[in-house]
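Reading through the structure tokens given below for one structure.
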Protein chains: 2
Amino acid sequence: MSKKQINLGVFLMGTGHHMASWRHPEVPADGFEDFKYYQEIAEIAEKGKLDMLFLSDGLSFNRLSHPAEIVRFDPLTLLPALAAVTSQIGLAATASTTYNEPFHIARKFSSMDHLSKGRSAWNVVTSYYEHEANNFTKEKHLAHDLRYERADEFVEVVKGLWDSWESDAFIRDKDAGVYFDSRKLHTLNHEGKHFYVKGPLNSSRSPQGRPVIVQAGSSEAGTTLAAKTADVIFTAQQTLEDAQSFYQKVKRKVLESGRNPDEVKIMPGVSPFIGKTEAEAREKYKQLQDLIVPEVGLDFLSDYLGGMDFSNYSLDDPLPADIPKTNGNQSRRELIIDLARREDLTIRQLYKRVAGSRGHWTIFGTPEQIADQLEEWIIKEGADGFNLMFQTLPGGLTEFIDEVIPVLQQRGLFREKYNGVTLRGHLGLSIPESRYAEVKVK
Amino acid sequence: MSKKQINLGVFLMGTGHHMASWRHPEVPADGFEDFKYYQEIAEIAEKGKLDMLFLSDGLSFNRLSHPAEIVRFDPLTLLPALAAVTSQIGLAATASTTYNEPFHIARKFSSMDHLSKGRSAWNVVTSYYEHEANNFTKEKHLAHDLRYERADEFVEVVKGLWDSWESDAFIRDKDAGVYFDSRKLHTLNHEGKHFYVKGPLNSSRSPQGRPVIVQAGSSEAGTTLAAKTADVIFTAQQTLEDAQSFYQKVKRKVLESGRNPDEVKIMPGVSPFIGKTEAEAREKYKQLQDLIVPEVGLDFLSDYLGGMDFSNYSLDDPLPADIPKTNGNQSRRELIIDLARREDLTIRQLYKRVAGSRGHWTIFGTPEQIADQLEEWIIKEGADGFNLMFQTLPGGLTEFIDEVIPVLQQRGLFREKYNGVTLRGHLGLSIPESRYAEVKVK
């Protein structure tokens, strides 16, 4: 049997994930809204045969946040444009179930799947920022549980709309004047607690049958939703033990949902720093850390902890004992508190850690050492692949493609060329039929 | 003084505007969801130096409608992809104010303006189909007046969000660690009847200052909204006299709104049939008309008349005297009734007329005759330009670019090359500053 293959996405974040990356001498500080910059990144990633580009999103911003989260392209505008200048890499866009309508989301991802010939993926989020509500005629953000309840129904509606047309519905018989077979068109007629959506969708069944669904919530509600609906699970895990425990828990939940655990790929985020020596890799990290403006770093940490007020503390104090619980992202909050406790970090040390890796696994070393660490997580069932979070772009990506990918390929862990053109193909996932399609004899 | 210039858009509609166009032997019947087909059209239009591509939209469909209105690309997914493979032609996408949120719309058009380097346009509609409501958790479509009231506030919010950042807000001083000048960031804090939108927008001021706004409602409420907010007005006019009267009325309303009438371009739709002789051009039309399936044509007419039931009439009866008034598109309804009365058309003759030109001006002739007719409307102030509605695509467009454009250029009525790269530049419109920007001494 051939070796287990690593799936690799690249998580695009403006000038790089590090919040001070825009100050790095080799990074174009105005890259966030420059299409050519993203096009270059997409071309490098496709040259490296990566599975997909991944774009996060937010519908508001904090003035002191990462600059790439202040002004940024709408993912569903940028990725179709990147689809036109690439031909094989997958395209995963984040869209919120809290501030969107299922009809629009079903249609846009189907539309992107058509125009990319089967490379579209939807990263389902319930929205993180409290103040997004105020941009959508709402006084308050929905409570965590209600958000997931709505998300669950939202995803069901979207999947239902994607099944509106069977794959062979369009006959297009010019002589007879018959465009489609109306028996293969289905009206959803969904009436639920949050949504009333009649359908059918005005987009035909797309090349992937159904765009890939990515989910990143690691809370109990988040993993339950993911186990039920996701094809790919993006997560933040700091240690192999935690990753293994998450991996086992989620795969078990997938099985309990009546699905095949192999059809759900778990991809933790990872930030690699590559050098000729491990010391050189760590020096690259330190250079970036020194570029963080303290005021900005502190605000970033506060934001991740749901708006925690640090004004009565010194930067060299340890993280206070009681961090108030909020309505925001629970799993990220706990991850960061755990990190501070485990490594006994001061507030300053913590914001520096968070500002760079954003709570994700950060690794350092030569290309071989980087490959070793990734391989270990794959072999020991901590992950099926990774969402690569480079601290500077395009520099970090270029190094990885040029130096680490060949090592992974030599070890037989990563493809030499793309097999097929769909993202489902890259991920080793099957292409689903419409729920209404008759079962075909194989 | 140089001659008045004609502005030309091309209204993309699947295989062509004619509802039977997909049956035409030279048309690819599966073009609607094929990106390469649209890319070819965009490249031909750009070669012809046209001002813009224009995409209409709908959020539901009628089973017997034009196939290109059954399944189609989402305009805000397709046009960003076309932006990536073109460099100068404008990109106008339709989006409804009834079933969208202003924050999303402001952001998506700003995002498309950034990635296209200033070629984005929003065609503001209030939604036409009654049953769209049922895809958006609403029992009924909003009443006509309320729809326009919401649209008016919606456009105000979008324009306000587009002013969030002044054009020189981003300093990006790497040494000082200052990314932007917070004095040039403005929070909208809109609280109105329909919307509460705090802002600011997470997209910087885009290359056009503000994406171009297109409006197509020709009702009283529609023209009032257009006069107040639109840069381009798309309209259906069947005769020069009607076009002149509409032109005068709208330009006067623009002036009354305190705006410069030259800053609003009026572009009626027109369907040209080109031949070596006028007879050949008319024969092309007849060929298409004969491809209409009667059942489909009748349903199409019924839909335009707000769901009129023709089951008690023969196809050779005249249009019944009393057509019930509905909540749909009023100006289109009246236009079609007027056409039937003026030319004494039977139901069959009327659906044939409507199925092709969709109520728009249809012209026939040699390239010179086509140019004569367009020129007459421009000189006699019936139009500032036209939205070209080819009955087959890409065939009709190719003929127009190859045969009519050179005639218009010889007459000094149309550009030989693009001046600049923005759509505002092509249309001769100025680039607005943010409402918050200090007035600069010229």
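Just so we're on the same page: letters track the sequence lines, and every chain starts at 1. The basis for the numbers below is simple: all heavy atoms, side chains too, and nothing from hydrogens, waters or symmetry mates.
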Which heavy atom of [X] sits nearest a heavy atom of [Y], and at what distance?
| X | Y | value |
| --- | --- | --- |
| B:Lys174 | A:Pro25 | NZ-O, 3.8 Å |
| A:Phe61 | B:Pro200 | CZ-CG, 3.4 Å |
| B:His104 | A:Tyr99 | NE2-O, 2.7 Å |
| A:Leu59 | B:Asn202 | CA-ND2, 4.1 Å |
| A:Pro80 | B:Pro80 | CB-CB, 4.4 Å |

Against chain A, label [X] side chain, backbone, both or neither, depending on which of its atoms sit under 4.5 Å from a heavy atom there.
| X | result |
| --- | --- |
| B:His24 | backbone |
| B:His194 | backbone |
| B:Asp57 | side chain |
| B:Ser204 | both |
| B:Ala176 | backbone |

Do you know which of [options] has the most heavy-atom pairs under 4.5 Å to chain B?
| options | value |
| --- | --- |
| A:Tyr38, A:Phe35, A:Phe136 | A:Phe136 |
| A:Leu201, A:Leu82, A:Val85, A:Asn134 | A:Asn134 |
| A:Gly192, A:Pro102, A:Gly199 | A:Gly199 |
| A:Leu115, A:Val197, A:Asn100, A:Val27 | A:Leu115 |
| A:Leu161, A:Leu78, A:Asp173 | A:Asp173 |
| A:Leu76, A:Leu79, A:Val178, A:Val293 | A:Val178 |

Could you tell me whether the side chain of [X] and the main chain of [Y] form a donor-acceptor pair under 3.5 Å?
| X | Y | answer |
| --- | --- | --- |
| A:Arg23 | B:Asp175 | yes |
| A:Ser203 | B:Val71 | no |
| B:Ser111 | A:Thr77 | no |

Using the side chain to side chain contact (heavy atoms under 4.5 Å, CB included) rule, take A:Lys117 and B:Asp34 through it: C-alpha gap first, then chi angles, then the decisive distance, then the call.
CA-CA 9 Å; A:Lys117 304 279 180 212; B:Asp34 177 6; 3.7 Å; yes
Chain B contact via A:Ala29 - which portion, at a heavy-atom distance below 4.5 Å
both
Could you tell me which portion of A:Glu101 (side chain, backbone, both or neither) has an atom closer than 4.5 angstrom to a non-hydrogen atom of chain B?
side chain
With the threshold set at 4.0 Å, does a side-chain nitrogen-carboxylate oxygen contact exist between B:Asp30 and A:Arg172?
no
Is the distance between the ring centroids of A:Phe170 and B:Phe32 under 6.0 Å?
no
Looking at B:Lys108, B:Lys36, B:Met112, which makes the most heavy-atom pairs under 4.5 Å with chain A?
B:Lys108
Taking every non-hydrogen pair under 4.5 Å, which of B:Arg107, B:Lys198, B:His114 racks up the most with chain A?
B:Arg107
Are A:Trp165 and B:Ile70 side-chain neighbours, meaning at least one heavy-atom pair lies under 4.5 Å?
yes
Could you go step by step and tell me if B:Phe103 and A:Glu132 meet the side chain to side chain contact (heavy atoms under 4.5 Å, CB included) rule?
CA-CA 10 Å; B:Phe103 191 91; A:Glu132 293 190 3; over 6 Å; no
